Every structure is written in C-alpha cells, then in structure tokens.
Amino acid sequence: MTGTALDYLPVLLGWAVLAPLISFALVVFFGPKMGRHGRLAGYVSIGGILTACVLSFIALGIWLSVEGTGADLLHHGQHDASHAESAHAESEHHGAESQHGTAEHAPARVPRTLFGTWYVLSPPGVPEIGISYYIDCLTVVMFAMVSFIALLIHIYSLGYMAEELADEVVDHEAHTSDGAHVRRRGRFHRFFQYLSLFCFSMLGLVLSGNVAMTFVFWELVGVCSYFLIGFYIERRSANLAANKAFIVNRVGDFGMIVGLMALWGSLGTFNYGDTLDEQGHVVRPGVFSLIRPAEHGHRLWVPDKAVQAAAEEEVAAVVADHLRVHGPNSQALQAARSEVQARTASWRQGPQGRMAYWLLIIAGLGIFCGCVGKSAQFPLHVWLPDAMEGPTPVSALVHSATMVAAGVYLVGRFFPAFVPEVLLVVAVIGAITLFLAATIAITAVDIKRVLAYSTVSQLGYMMLALGTGGWLAGLFHLITHAFFKSLLFMCSGSVIHACHTNDMRRMGGLLKKMPYTGYTMLVGCLAIAGAPFFSGFYSKDYIIAQTIQFGLDNPGWNIFYYAATVGAAITAFYMFRLWFMTFLGKPRDEHVYEHVHESPPTMWVPLVILAVLAVSVAWSVPGVGLSIESLLEQARPAGTEQGVGTGTLLADLTYRSEHLSHQEAIHAQATTVATLAALAGFLLAVVIYAKGWVSAEEVARQFRPIYQLLWHKWWFDELYQAVFVRPVHFVAQLIARFDRVVIDGIIDGSARAVTAFSAWADRVIDRASVDGFVNLLADWVYNLALRLRTVQTGRLRQYVVFIVVGTVALFVLVSFWASASAG
Amino acid sequence: MILASLFTEPVGVAHYVAVGAVLFVCGAVCMAVKRNALGVLMGVELVLNGANLNFIAFSQPALYGESRWALGLDGQLASIFVIVLAAAEAAVALAIALNFYNNFTTIDVDHADELKG
Amino acid sequence: MEAINWHTFFFYLFALITCGFALTVVLAQNIVRMAFALILSLGASAGLFFLAGAGFVGAMQLLIYVGGTLVLLVFGVMLTAQGPFVSMRTRGGEWVLAVVVGGSLLAVLLQVAFRNPAWLPTKHQYPVARVYTARLDAQVIIRARRPGTELAGVEVLVQAASDPATAPTVVYDAAARRLIISIAPDQTTAQEVVQAINQPGSSVGELFEARLPSGHLGLGALRVGDGGTFTLRAPSTTERPATLGLALLGARVDHTQREGYLLPFEIISVHLLVVLVGAAYLARARRRASMATVSQGPSAPAPQEQKSQALTP
C-alpha cells in the first residue's frame, strides 16, 4: 500500500510473536531432555525472546527511519496548545452543534497505522473475525519494551531458578501431610516453558488487530499468569493465589465480554483498523473509524450502526413495510436500506440516539472492566499481592511490567472509543486504586508485597492519567514504570535469593554484602519516587500536570490532583521505607545476614542494565529529540489531539487537548508539587526508618485504628469473603445437598428399580426359559453321545472295516438310486 | 485256446482298473487284519498304489474305446502327486509307528486305543 | 491264429505278479515276508505303468516307492522286529469279516470296471506304441492298420482345433526319419510313410515328431496293428519328462486348454518338506525323561523300555 519499509513490519512483528511460541513448543516437547536437568531449555527460551527482541528493535528502527522521531510533533503540539485553547473556546460557542460540525479548524492529524488480516476465521458474508494485526507506533514501542525487559528477565531467571537444576529440590515452604518438607524434581524447563508461552501471548496481545483476538491473547496471558503463580504448586498458598488470580480475573473478563457484545451488537465489527481495498479506499471501517469518523473531523460521533442497532424496532418496521410493498426481493431490501439511512438522522436526535450512546458507554465500561481485572484496579486489586507467590522473575515480568500493564495498554488502545463518561469512571477508579494501594503498601512487611501494592498504585496512576485525558501521560508512565518496577522486583528477587525470606523485618544492613543489588535498587526507588532526572520523575510530572489541567477544565474535580500528589508522597515514603529496612541499619536477623551473598552475574548484570534504563529511559536523545514521548505522540489516536470531547450525559464534563497540560505554568506547578511531595515522603522515611528518630511501632500504636485498617488491607479480603465467598459457599452447599438428596435419590431409586426388574427377568426368563432350553438340548446331545461313544472302539482295524463297509454301502445305495431313477 | 484268445485280444482301461481294484481290496483287507502297525502301513501303500494304477490307466487314450475320455497328462501328474504324498505319508506314519513303539513297547495297533469313546 | 498281442501278454504278466504278491502281503504272517512281497508287487505295478505309456511315472514308482518308501518300511520293520511282533496272529473271526467285506468291495469294483463300455477296448484297436507330446490345439491320432501281414496303409486322422475339415497329409522325411504331417494337401502319399516304417531298422518310436505347417507340434498316438513292426521298447520320445516338468511348472505344452499344476506342485513340495521335518521330530529320541513321570500303557515292562532305548540313538 505504502510501498515503504513499513510493509515489512507485520512480518517482522509477526515473527517476533511466533519466536517465543517456537521456543515454547521446543521446550514443551523436549524440555526435560535439554541438557542436564533441562538446563538448555533456558537457553532455548532466551533464543526465542532474543529473536523477538532483535526483530522488535529492527521494527523500531524501520519505524524511526520511515516516520521520523516525532520530536517535531511533540514540539508542534506544545506550540499548538494555545491554538487549541482558542479552538476549544470557539467550539464552546457551538455547544451541542459542535458534534455536527465538520472539521472547520485545523484538520486532525491521523497517526500512521498498519492494519491487515492474515487469516479470516469467519465465513464470508458475516462480519469479519480473523487473525489480524494493528500496528502503530504504540505497538512498536510496546514490542521493544516488552521483548527487551522479557529478555533481561529471562537471563536473570537463569541465575534465579538455578536451584531448580537438581534431581531433588527441597521446598522449605511446602509441607507434606506428615510435616516434612516437600521434595520434588527440579522444574527448570517448565518455568522457561511458561515464560516463553507468556512472551508469545503478551506480544500477540500487543499486535492483535481486533478485539476478539485481543481477548484470546488476553486470556492466554491470564492462563500463563495462573501457571506461573502456581509454579510452586506444592505450596498451598501458591495454589490459592493462582486460583484467586484466575477467578478474580474472570469477574473482570465477564464485564469485558459484556463490553464486546455491546461493541459487536452496535458496530458489527471487531477490527481496530479500516479494511482497505487495493486503491486504498475504505471497504469496512474499523471500530475507531466508526466512533470517530474522518468526515466528522475524528470527533466522537455515535455511529450510524449503533443508532440503527438501538432503533431496532423502527428498522424492523421499515423493512417490513418495504417487503410488503415490493415483495421479498433485493429491490425491497435496497429501498429499505436507503430509507433506514435517511431516517437515521432523526433517530439520532430521539431516544434511540441516547440509547446508542448508552451502548457506547456500556461497551467502554465493559472493556474497562476487563482492564480493571487484568490491571488489578480497585475493586479487583486483591489478586495481585497474592500473585507474589510466584517466582520473583515472574513478578517482575508478568505482574509488574507487562501483563498487568496490558490493562492500561488496552485502555490506551481503546482511548478513542471511550466516551467522556467512561473516561471519568476510569479516572475515579484509578484515583481510588492509587491511593488505596499506596496506603496498604505502608504497612506491608513482605518485600514483594510492598512492591505489588506499589505496582497496583502505579497502575492506578496510569488509569488516572488516561481517565483524565492524558493519553500520552498514562502510556508514558506505563513504559517508564515497566523499567523501574521490573528493576525493583528483580532486586527484591536478588535479596530473596540471598536471604531465603520475604520478610523485611528479618533483613537489614544488606548493602555491604550486596552492593550491586542495593545500589541498583536505590536507583529504582529514586525512579519510582520521582526524584528529578530519573525516568519516573518525567512521567509522574505528566500525570500530575494532567490532573491539574483536568481540575481546571472541570471545576470540582480537583480531587484527582490531590490524590495523585498524596500518592506521590506515599510512594516515596514506602519505597524508601523498603530500601532502608532492607539495606541500611543493623542486621535484624544474624542468621539470615550471615548467609547473604551477592547474586551471580547472570542476575546482577540485568539489574545494572535496567538501572541505567530506569534512569535514562525518559530522557530524549539530544539533537534528534527522540524520546519515548515523541514516539508515543506519533501514535496518538486520531481526534484525541484536540481533546476527547464533551460528555453527553454529563454535559459539563469536558476533555480538552492534552497539550494544554504541557504549558509552562501547569508544568512548573506539577514539577514543584511532585518533587516536594516525593521529598516529604522521603524525609519521613528517613526520619522513621533510616535515622530511627521516631519509632515506627510508636506511630503504629498512635494511629492504631488506621494501622489496623492498613495492615488488614482495608479488610478487602475479609469483605469479599463475607459478601461473595460465604454466600457462594452457602448456596453451593444448598445445591450440593439438593443434588445428594433429591437428584441422587431419584437416580438411586430408578437404579434400584432397574436392578429389581432385571433380577426378576433373570430368574424368570433367563434361567427358566433360555437356560432350560439350552440345558435340555445339552442333555439330549449328551445322552446321544453316550450311546455313540460305544462305536468309537479305538480299534484302528475296525475303523478300516467301517470305511470299507461304508464305501460298499454307498455303492449299493447309489446304484439303487440310479436304477430307481433310471427305471 | 482260451489262453491264446486271451493274449490276442487287446486290453483296455477296464483291465487296468480291475488290477487296481484287486490291489485296493488287498490293501484294505491288509489294513483290516494286520495287527502289526507296519503291516497296516503296507496296506496303505497297496491302496495308494491301486489308486495310482487307475490314474495311469485313465491317462492313456490308447486304452480307451473312445479316446476322448482320456485324462492325458493330468492323470500322470495326479499319480506323481500320489506317489509323493505316499512317500510323505510313509515317513510320518513310520515316525508315528516308531514313537508308538517307543512309548508302548509294542507295535500292536490294538493297544493304541487310548482315544476310544 | 492271431498273433500274440504282446501288450496284452505283458499286461497279464505284470498284473499277475502284482496281484499275486499283493495277496501274499495280505496272507503272510511274517512281517519281513510281507515287506518283500510288497516290494515285488509294487515293482510289477511299475511295469504296468510302463506298459500304459507312463514311463516317467513308472520310473518314479521304482525310484520313490520301491527305492525309497519301501526301504523306509524295511527299516521300520527292522527297528521293531522283536520276537513277538514279527508275526502277530489275527483272530479268525476278523479274517472272515475282512474277507467278506473286502470281497464285496472287490465285487462292486470289478463290476464297475467292466460295465463301463468306454473302458473296454474295441475289437480292432491296437496296443499303444507311443504317445508323443507336442504343442498345438490339435490332437493327432495316427492309426496304422495292416490287414494280414502287410502294412497296407496309414490312416491319419487329424483333429485340428482350428479347422477340423482340413484334410491333413503326411510326409515322411526319410533323411531325418521323421513323419511330417501337414494340413495342406500334398502329393506325398501314405504309401511312402508305410514304406518308411517298413524299412528294416526303423523303429516306430523315431517317427514321432509330428510337425504341422504352422510350425506347431502335434499330439498323437500311433497305433500299429497286429505286431508287425511293433516294438515294445519304450521309445525315448514317448511322454517326455520335460512335458511333465513343464506341466508341473504351470505350462501345458500338450494341451493348451488345460491348466498347469504349479500351485499344487508348490503346495505338495512345502507339504513334503513339512512332513519330513515333522517325521524327523516325531522320530527323534527324547522320551526317557518324560517317561518317568507320564503314565504309560499297562503292558510296558521296564526291561523292554531299556531295550528300546538301546535301539534308538
């Protein structure tokens, strides 16, 4: 179509998706045979992900060479902010009519996207579902990020999982029924097999070009997560955590399916992009083009199809009319179709139009519901901390950098299809999540749980950013967070590897013994806390600036700004609390301390690489202006540059251009506030944990109710237990009793009746009649044989005589017969 | 005179068949009266030979009043098969007889009545 | 007085020997004598085979039967010829029964043999001089008839499958000493053939390479009447072993409308092999170990067991 090098991208990225699948297949079938204890399985997996990584970076290079760095876009956008301001003011005058207006001001920039279908599953004639791809700059950046981090984590896992390279592994945390430790075979290859499958699923999720395919990969990453959380399957806690993760995600996915049905029912397509013919004309518009059609300047526009779907009864009446007049032929359908088209405009103004808008809201909320589950947002956040039962590389890859970020990615992908009301819900959920999780992280003592709550909190940040219209801010934070959070997790993994415990209360003073781990983790903490010039600093700035902007646009919604700021402070506090408790001070447990040692190079080298990136990933390349923001800016969905739009149900809900938040004033305010908040949190941590001027226990005692609330994680688990689990168990028991008593009773009764009948039939028919007949026959034969046996004398010579006599008799008989017949 | 006319008349299939019948009956009677297993075996040989003689006679067209009834070469082939089978039979029967003799230390077939009804 | 039909004479001679020694087999009480009589009987029956023109089968009879099977039997006799078993008396009642039954069978068989007119020789038919084998869809019967003492003519009947109406001619190639029968009419008369046959030193057996114009060999039998040049000597060209062998291998050169015997031949070969293996297995010495435990016939005294053990290697 374009005839540029971009045409290679689908193939490159397609192979990047398939490479981990190939290594997965290899490891599945030959894993245990790969070297001693399956050691080579790790290298096979690394080969797969390395291929994917290389291909992804080639794809990124191609993209950059063809499309440029996008730096001009970014600056143009910032420069354009004032223009957008005035344009917006102008559009306010038009009020509700602005929806109808064609793009009277600057034409919206349309990002370069590649969409195509490799294989169509649905038969011709029905809306298309297939294996398709949708590539824009976001896809390319996500590919690079996911495959690169996955590569590092694969390498790290070689060291971390080394203890699985044994014929017998003693699991100190799992017990058999007699209280002994579980002993089992090493499962090195199995770990890498799941890791490869996960990489395939995650990359496929990013590449997928329609919602159905996204959903399939969505579930694939879910099931990989399930496998990996339950990797230590002998541990009951791991089992429970895996089940919890899976079941909680089902709740979200249920909502997602509802959303998909709404989308399918109202739009009749799942494709993201437009299907083009050879000339480049749109044959079938995709979801985004339907909701933001180009002829309406990519503004939010309730699609005709949705309106017609909402006006189902009227459409049916029109079709019936025409069929009655013309008879059932194509002419009637044609006429009906044109009349439906003509009347759509009037329906749009009526209740049907409102209903169609509700359909869009339902679709958006449903899809967001799936994202809530996958990204562990309130109220489905409870599974992620428990998911830390899995091996730490899994936590680093699946449960911080990639899979949980997939929810954010999907919200970002669907951003143009979300109406403002949905975005507001996204923002509210994000704000609640970030605050809630951050507070819980304060009291957690399990090093990985602190990081898990931190992840939840940061994901809340991203949701908040997206929900307040900060598309760039949210996805930017996704990228930077992936780097520093995977770094933090891998550092914690290194610590756990050394200490054999997760409990921070038994650590302390490890910096001397583990310098690489300690300092790289410090870098991670600084990054997540938002220390200046670290990557988290930039992305968090964007978010806070966006919330400020949102508060300005929508008076009364400053709460997001406050939540983000307080969250930033708490983040800094609990992260440094973690670092101080782990690495500074005196060793609290001498026994643990004595055994601590620095991890092998396969573990700390990835840490160092990630640490460098955690600092620098948000920087822009001097001179060319290449940065993550500039890349992401290229992918900004069409029509969202000037703001998402204005709410219909909530008329005063306004989303204006994200670039407005990049104005100097707002940006300066955000930077200042964020830095101060982080500093405050840092100082508090220093006071309490580094210097010990204030005793943490005393503070806890002082604020006992709050401490209890946080310690028990806001009693969410208990609440769910009481509200959902108990009733379900109760109902299940009732049903089980019904099953046992009534249904089993019926079945047992009928079985008994059948048994009795067959016993009767056996006695009467089988034994008396059939057996009697057979026995009688046998008796006859027996008696006959008894008489005949006397003939068998056993005398050979007599037999000869018998033969001769028989022959003669035969002659005589035949001649008699011949003469009789002749005569 | 009778003797002279006997030798001047040609012989036909019937004469050969008559000789075969005598051999057959001799064999059958031999089987019936000999208590020695080898005697029985000799009877069998006689029976087979009688049958063989019939085959040969049937094969020769010149012996027929109407030669189209002759079996031709097929008769000779059948007789060859009979000879071969007789040889095989003799080998097995002799083996059986020897085995019988070794197990029962007798060659009297009247003692071989373990399978009687 | 008519000349003696030597075929008939020899037939009766051999038939007498055969039947006589067969009777001896039946009547003899001594097993060794029985074996000897059997040899003579079977040998004489081989003579009958020769007489009926089946020279090869006769040879086989002598080789296999007399030379092989009976030697086997004699071995058996020697291996079992213990005192009491050499001659075992049969009860008189059994004799009577056997003779009555056998006699009735013989009566039936003889009646059947002589009641079939096709099996009886016609008055003017002559003993077989030879059968020769060839390959064609035709059967050639050459009848040489000589009233009195002169060989007056040769009557040639050719039943050609292709065209029975064609009158054949016979040419005798004196140099090659061959009788050439051709379908197409020719000037050669039968007289020449007769003269050729009558030449001193000519034996009928050498005449038979009947050759038809198409190059096919014919099948025929020459009947020479009333002695004359008839010679009993089995000619080298009567039924040829090659013809029999080809028939066993599935190719019928004598009669193309009949099937060969390849498959029966194979089956009989395998059968023979299996039988011999089985015979070897049955006859091998293996019994002493099991004899100790397995119950035996009641009349098995221990000394005899040892004796028989000594007999079998």
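None of these values were measured; they are calculated from a predicted model. Note on naming: letters A, B, ... go to the chains in the order of the sequence lines (proteins, then strands), and numbering restarts at 1 for each one.
Comparing Leu110(C), Leu48(C), Leu27(C) by heavy-atom pairs within less than 4.5 Å of chain B, the highest count is held by Leu48(C). The most heavy-atom pairs under 4.5 Å with chain C, out of Val17(B), Leu77(B), Leu41(B), come from Leu77(B). Your options are Leu276(C), Leu70(C), Val77(C), and the one with the most heavy-atom pairs under 4.5 Å with chain B is Val77(C). With chain B as the partner, the residue from Phe14(C), Phe114(C), Phe11(C) showing the most heavy-atom pairs under 4.5 Å is Phe11(C). For the set Asn36(B), Leu98(B), Ile96(B), the entry with the most heavy-atom pairs within less than 4.5 Å of chain C is Asn36(B). Among the candidates Arg115(C), Met60(C), Glu94(C), Met34(C), the residue making the largest number of heavy-atom pairs closer than 4.5 Å to chain B is Met34(C). With chain C as partner, the option from Ala95(B), Gly27(B), Ala14(B), Ala86(B) having the largest number of non-hydrogen pairs under 4.5 angstrom is Ala14(B). The greatest number of non-hydrogen atom pairs below 4.5 Å with chain C, out of Val92(B), Val33(B), Val19(B), is found for Val33(B). Counting heavy-atom pairs under 4.5 Å between each of Ser41(C), Ala22(C), Ala98(C) and chain B puts Ala22(C) at the top. If you tally non-hydrogen atom pairs under 4.5 Å between each of Ala15(C), Ala28(C), Gly76(C), Gly68(C) and chain B, the highest count goes to Gly76(C). Comparing Leu48(B), Asn54(B), Val22(B), Asp110(B) by heavy-atom pairs within less than 4.5 Å of chain C, the highest count is held by Val22(B).
Here Trp119(C) and Phe58(B) bring their ring centres to under 6.0 angstrom of each other. A centroid separation of 6.0 Å or more is found between the aromatic rings of Phe36(C) and Phe21(C).
Applying the side chain to side chain donor-acceptor pair (under 3.5 Å) test to residues at least two apart or on different chains, none of the pairs has a partner in residues 12-25 of chain C.
Side-chain atoms of Val26(C) and Trp95(C), non-hydrogen and from C-beta on, do get closer than 4.5 Å to each other. Annotation: side chain of His271(C) is in contact with side chain of Leu85(B) (closest heavy-atom distance under 4.5 Å). A heavy-atom distance below 4.5 Å is found between the side chains of Tyr65(C) and Asn49(B).
Both the backbone and the side chain of Ile31(C) come within contact range of chain B, judged by heavy atoms closer than 4.5 Å. Looking at Asn52(B), the atoms closer than 4.5 Å to chain C (heavy atoms on both sides) sit in the backbone and in the side chain alike. Heavy-atom distances place no part of Ala280(C) under 4.5 Å from chain B, backbone and side chain included. At a 4.5 Å heavy-atom cutoff, Ala97(B) makes no contact with chain C through either its backbone or its side chain. If you measure heavy-atom distances from Leu53(B) to chain C, the contacts under 4.5 Å come from both the backbone and the side chain. The part of Leu38(C) that comes within reach of chain B is its side chain, from C-beta onward, which places non-hydrogen atoms under 4.5 angstrom from that chain.
Residues Gly39(B) and Cys30(B) approach most closely at O-SG, 3.5 Å, considering heavy atoms. In this structure, Gln60(B) and Ala52(C) approach most closely via the heavy-atom pair NE2-O, 2.7 Å. Residues Phe56(C) and Leu244(C) share a closest heavy-atom pair of CD2-CD1, 3.0 Å.
Aromatic ring pairs are classed by plane angle as parallel below 30°, tilted from 30° to 60° and perpendicular above 60°; the pair Phe81(B) and Phe265(C) is tilted.
Residues forming a ring pair (Phe, Tyr, Trp, His ring centres under 6.0 Å) with Phe75(C) (at least two apart in sequence, or on another chain): none. When the ring pair (Phe, Tyr, Trp, His ring centres under 6.0 Å) test is applied to Phe55(B), no partner is found at least two apart in sequence or on another chain.
Although no hydrogens or angles enter the test, the distance criterion places no donor-acceptor pair under 3.5 Å between the side chain of Ser59(B) and the main chain of Leu73(B). Without hydrogens or angle criteria, Gln76(B) side chain to Ala54(C) main chain gives no donor-acceptor distance under 3.5 Å.
Close approach to chain B, defined as a heavy atom under 4.5 Å from one of its heavy atoms, is seen in Gly102(C), Leu105(C), Leu106(C) of residues 99-107 of chain C, taken by number.
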